[in-house]
Enquirer: 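Supplied in structure tokens, the structure appears directly below.
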Number of protein chains: 2
Amino acid sequence: MTQISRREQNRIEREHRILEAAMTVFAQSGYSGAGMDAIAAEAGITKPTLYQYFESKEALFSAMMRGFRNEMLDVFQHPSDEGMVQDLYLFAWDYADTVMRPDMLALARLIIGEVGRFPEIGRYYQEAGPDRLLQGIMTYLDSCRAAGRLEFQDAELAAEDLWGLILSAPRTHALYKPDLVPPRADLARFIHNGLRVFLRAYSTRPADDLTQLEKLTRLPPPASTGDA
Amino acid sequence: MTQISRREQNRIEREHRILEAAMTVFAQSGYSGAGMDAIAAEAGITKPTLYQYFESKEALFSAMMRGFRNEMLDVFQHPSDEGMVQDLYLFAWDYADTVMRPDMLALARLIIGEVGRFPEIGRYYQEAGPDRLLQGIMTYLDSCRAAGRLEFQDAELAAEDLWGLILSAPRTHALYKPDLVPPRADLARFIHNGLRVFLRAYSTRPADDLTQLEKLTRLPPPASTGDA
DNA sequence: GAATTTCTTTACTTATGAGTTAAGAATTAT
DNA sequence: ATAATTCTTAACTCATAAGTAAAGAAATTC
């Protein structure tokens with residue numbers, strides 16, 4: 001009954017190991033800088049075995065990129081019962097914890113660095129990650145507007161504002177400083193401020209919302225959703 | 001009296017040509033992907049001549065990076081007589097026109113992509129570009145606060161908000177899509193919206209300022225400050 | 001204007017990395 | 001257990017790219 005032979009099982013496991021190794025090495029050295037030997041060594045195999053799995057360096061690179069499909073998927077879509085401010089607050093932390101993960105930053109750096117040579121990967125990543133997330137935020141903000149809790153003309157701009165206020169600064173810094181992992185307290189500073197500004201600009205009852213936000217920011221930040 | 005011989009003159013010109021060529025090729029292919037032959041060819045010389053000017057690939061790369069010292073320098077520092085809203089509006093366009101220039105984006109992509117291997121270049125660039133600019137914005141915003149025109153606790157956060165609201169979105173998109181130069185109308189959309197949100201959140205007289213901003217945004221955008 | 005110096009080039013050396021071939025180890029089926 | 005098959009490896013080929021040495025062109029000095 002073992003339709004899945006031990007061999008096949010090993011093959012699959014090894015493929016995962018290869019893709020992880022490829023991620024590590026490509027992120028460290030870039031596409032041209034990464035050697036197939038180095039990737040094989042990182043995966044604990046040798047080069048010809050690697051070619052058994054992927055016919056070329058480019059194929060491996062593409063497969064790896066496509067493998068990293070949106071972990072940052074539907075962070076949130078629908079309003080909860082806890083109210084908008086808490087939704088936004090938890091969302092902000094969730095998003096921050098994902099986007100600021102070292103491996104996510106390394107992936108972003110790699111894509112940005114190689115996008116000149118692999119334009120389709122830039123597009124793919126944009127659509128699978130940021131664009132989908134933006135859609136989620138837009139949907140949520142729209143529902144808040146429908147409920148009379150927010151006021152805006154253009155949902156896309158509002159969503160971009162939210163992201164720009166909360167994460168643009170720490171992420172930009174992090175992209176330029178790979179050695180420096182920003183402490184959680186720094187993130188809190190940007191998240192609290194960003195939400196404050198967003199609510200001041202967009203809320204239909206800013207005073208109430210800001211009071212509630214104050215309460216939330218006095219508590220310790222929510223636990224990180226965990227690493228990959 | 002020609003202390004500067006023709007030779008020296010040529011040398012200097014050629015060094016410029018080499019650095020420009022290096023920028024072009026490095027930006028296109030990354031550090032590892034760029035060949036010294038390709039750079040030499042781009043500069044209209046051959047490889048050994050190149051080594052007369054720079055002792056190694058790494059030296060050339062570093063020199064080039066250091067050569068691109070902040071063109072985005074003191075975009076603005078002091079309040080003008082035209083009033084805060086116009087200052088901010090002109091500043092936003094000035095900054096956008098600089099930051100969204102294809103060569104600036106290519107440079108940013110290159111640095112982000114190579115920062116894992118050249119951390120000091122990431123730091124240098126951050127300090128020479130973004131950090132200095134942020135200081136300029138902070139100084140200006142502080143003066144507005146002193147004049148009673150803006151209200152905030154933390155000048156750094158306010159400055160980051162301004163940048164995040166205006167340029168985070170178009171720049172992030174542009175970083176991932178090198179083939180797509182964002183049209184000026186798109187920039188206008190983000191700039192107008194960003195300033196609107198910023199003023200709503202930070203101005204001491206939001207109604208007045210938003211009216212004035214409306215007037216400005218009805219005019220055609222200011223002429224681009226020109227290419228490098 | 002001829003000699004010296006400096007700069008530029010053609011032609012090399014060496015190393016590293018992508019991709020392959022043939023031999024050896026492990027696994028499945030009888 | 002043994003034969004057949006499949007997977008893995010050590011050793012190789014070929015191309016490209018970093019860096020160099022010696023020959024040739026150009027400019028400066030006497």
Side-chain angles (χ1 to χ4, degrees), chain A residues 1-65 110 113-114 117-118, chain B residues 1-65 110 114 116-118:
Chain A
M1 287 301 173
T2 76
Q3 285 289 23
I4 297 153
S5 69
R6 182 88 187 282
R7 257 179 199 156
E8 229 165 318
Q9 183 68 19
N10 280 347
R11 234 193 126 74
I12 291 170
E13 276 174 26
R14 190 161 290 195
E15 190 173 313
H16 272 134
R17 285 236 314 277
I18 291 174
L19 288 170
E20 270 177 37
M23 181 63 218
T24 304
V25 177
F26 277 128
Q28 199 168 65
S29 311
Y31 179 76
S32 310
M36 291 298 262
D37 290 292
I39 294 170
E42 178 75 27
I45 55 173
T46 54
K47 196 165 41 165
T49 309
L50 185 51
Y51 278 91
Q52 201 89 9
Y53 287 80
F54 299 96
E55 65 178 350
S56 71
K57 189 178 179 180
E58 198 174 326
L60 171 58
F61 186 71
S62 293
M64 181 204 73
M65 284 300 185
L110 178 59
E114 302 296 342
R117 269 145 292 159
F118 300 95
Chain B
M1 283 303 169
T2 77
Q3 286 289 21
I4 296 154
S5 69
R6 181 91 186 281
R7 259 180 197 154
E8 227 165 319
Q9 183 67 18
N10 279 347
R11 232 193 128 75
I12 291 170
E13 277 173 25
R14 192 159 289 196
E15 189 170 315
H16 273 134
R17 287 236 314 278
I18 292 174
L19 288 170
E20 270 176 35
M23 181 62 218
T24 305
V25 177
F26 277 129
Q28 200 168 66
S29 312
Y31 179 76
S32 310
M36 292 298 263
D37 290 292
I39 293 169
E42 178 75 26
I45 54 173
T46 52
K47 197 167 41 169
T49 309
L50 186 51
Y51 277 91
Q52 200 90 10
Y53 288 79
F54 299 97
E55 66 179 348
S56 71
K57 188 177 178 181
E58 198 175 327
L60 171 58
F61 186 72
S62 293
M64 181 204 72
M65 284 300 186
L110 178 60
E114 303 296 343
R117 268 145 291 158
F118 300 95

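Just so we're clear, the structure is a prediction, and the values are computed from it rather than from any experiment. When reading the values below, keep in mind they use all heavy atoms of this one structure, side chains included, and skip hydrogens, waters and symmetry mates. So you know, we letter chains A, B, ... as the sequences are listed, proteins then strands, and number each from 1.
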Enquirer: In whole Å, what is the span from the CZ atom of F26(A) to the P atom of dG17(C)?
Expert: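 Rounded to whole Å, this separation is 13 Å.
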Enquirer: dT6(D) P sits how many Å from Y53(A) OH, rounded?
Expert: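 Computing the Y53(A):OH to dT6(D):P distance gives 15 Å.
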Enquirer: Applying a 4.0 Å non-hydrogen cut-off, can you work out what A40(B) is touching in the nucleic acid: base, sugar-phosphate, or nothing?
Expert: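 No contact.
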Enquirer: Sequence neighbours left out, what passes ring-ring contact (aromatic ring centres under 6.0 Å, His included) with Y53(A)? Give chain and number order.
Expert: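 Per chain and number, Y53(A) pairs via ring-ring contact (aromatic ring centres under 6.0 Å, His included) with no residue.
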Enquirer: Measure the distance from CZ on R17(B) to C1' on dT8(C) and round it to the nearest whole Å.
Expert: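 Taking CZ of R17(B) and C1' of dT8(C), I get 13 Å after rounding.
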Enquirer: Taking the side chain as every heavy atom from C-beta outward, state whether F61(A) and E114(A) have any atom pair closer than 4.5 Å.
Expert: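 F61(A) vs E114(A): side chains touch.
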Enquirer: Tell me the interatomic distance from K57(B), atom NZ, to dA15(C), atom P, rounded to whole angstroms.
Expert: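 Computing the K57(B):NZ to dA15(C):P distance gives 18 Å.
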Enquirer: Round to the nearest Å and state the distance from L60(A) atom CG to dG19(C) atom C1'.
Expert: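 After rounding, the reported distance stands at 14 Å.
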Enquirer: Roughly how many Å is it from CD in E58(B) to P in dA18(D), rounded to a whole number?
Expert: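 Distance, rounded to whole Å: 13 Å.
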Enquirer: Identify the pairs formed between an N or O of the protein and an N or O of nucleotides 13-15 of chain D at a distance under 3.5 Å, and give each distance.
Expert:
none

Enquirer: Check the surroundings of atom CD in E42(A): do more than 12 heavy atoms from other residues, nucleotides or ligands lie under 6.0 Å from it?
Expert: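 More than 12 heavy atoms, drawn from other residues, nucleotides or ligands, come within 6.0 Å of this atom.
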Enquirer: Would you mind classifying the nucleic acid contact of F54(A) as base, sugar-phosphate or nothing, using non-hydrogen atoms under 4.0 angstrom?
Expert: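 F54(A): no heavy atom of the nucleic acid under 4.0 Å.
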Enquirer: Is there a side-chain contact between Y51(B) and the phosphate of dT8(C), meaning an N or O under 4.0 Å from OP1 or OP2?
Expert: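 Checking dT8(C) against Y51(B), no side-chain N or O comes under 4.0 Å of OP1 or OP2.
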Enquirer: Can you check whether R117(A) reaches E58(A) side chain to side chain, under 4.5 Å on heavy atoms?
Expert: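 The answer is no, as the side chains (C-beta and beyond) never meet within the 4.5 Å cut-off.
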Enquirer: For nucleotides 9-12 of chain D, which of its nitrogen or oxygen atoms have a protein nitrogen or oxygen under 3.5 Å away, and what is each distance?
Expert:
residue: dT9(D); atom: OP2; partner: T46(A); partner atom: OG1; Å: 3.3
residue: dT9(D); atom: OP2; partner: T49(A); partner atom: OG1; Å: 3.1

Enquirer: Just verifying a value: how many Å separate F118(A) CZ and L110(A) CG, rounded to the nearest 0.5 Å?
Expert: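 Going from CZ on F118(A) over to CG on L110(A), the span is 9.5 Å.
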Enquirer: For the atom pair OH (Y51(B)) and CD1 (I45(B)), what is the distance rounded to the nearest 0.5 Å?
Expert: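 Atom-to-atom, Y51(B):OH and I45(B):CD1 are 11.5 Å apart.
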Enquirer: Any heavy-atom pair between the side chains of I39(B) and K57(B) that's under 4.5 Å?
Expert: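 No, their side chains stay 4.5 Å or more apart.
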Enquirer: So, taking the atom named NZ in K47(B) and the one named CD in Q52(B), what distance separates them when rounded to the nearest 0.5 Å?
Expert: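 Rounded to the nearest 0.5 Å, the NZ-CD separation comes out at 14.5 Å.
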Enquirer: Provide, to the nearest angstrom, the distance between the CD atom belonging to E13(B) and the P atom belonging to dA27(D).
Expert: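 So the CD-P distance, E13(B) to dA27(D), works out to 13 Å.
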Enquirer: Without decimals, in angstroms, what is the distance between Y31(B) OH and dA18(D) P?
Expert: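 Whole-Å distance recorded here is 9 Å.
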Enquirer: How far does CE of M64(B) sit from OG1 of T24(B), to the nearest 0.5 angstrom?
Expert: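 Between M64(B) CE and T24(B) OG1, I get 9.5 Å after rounding to 0.5 Å.
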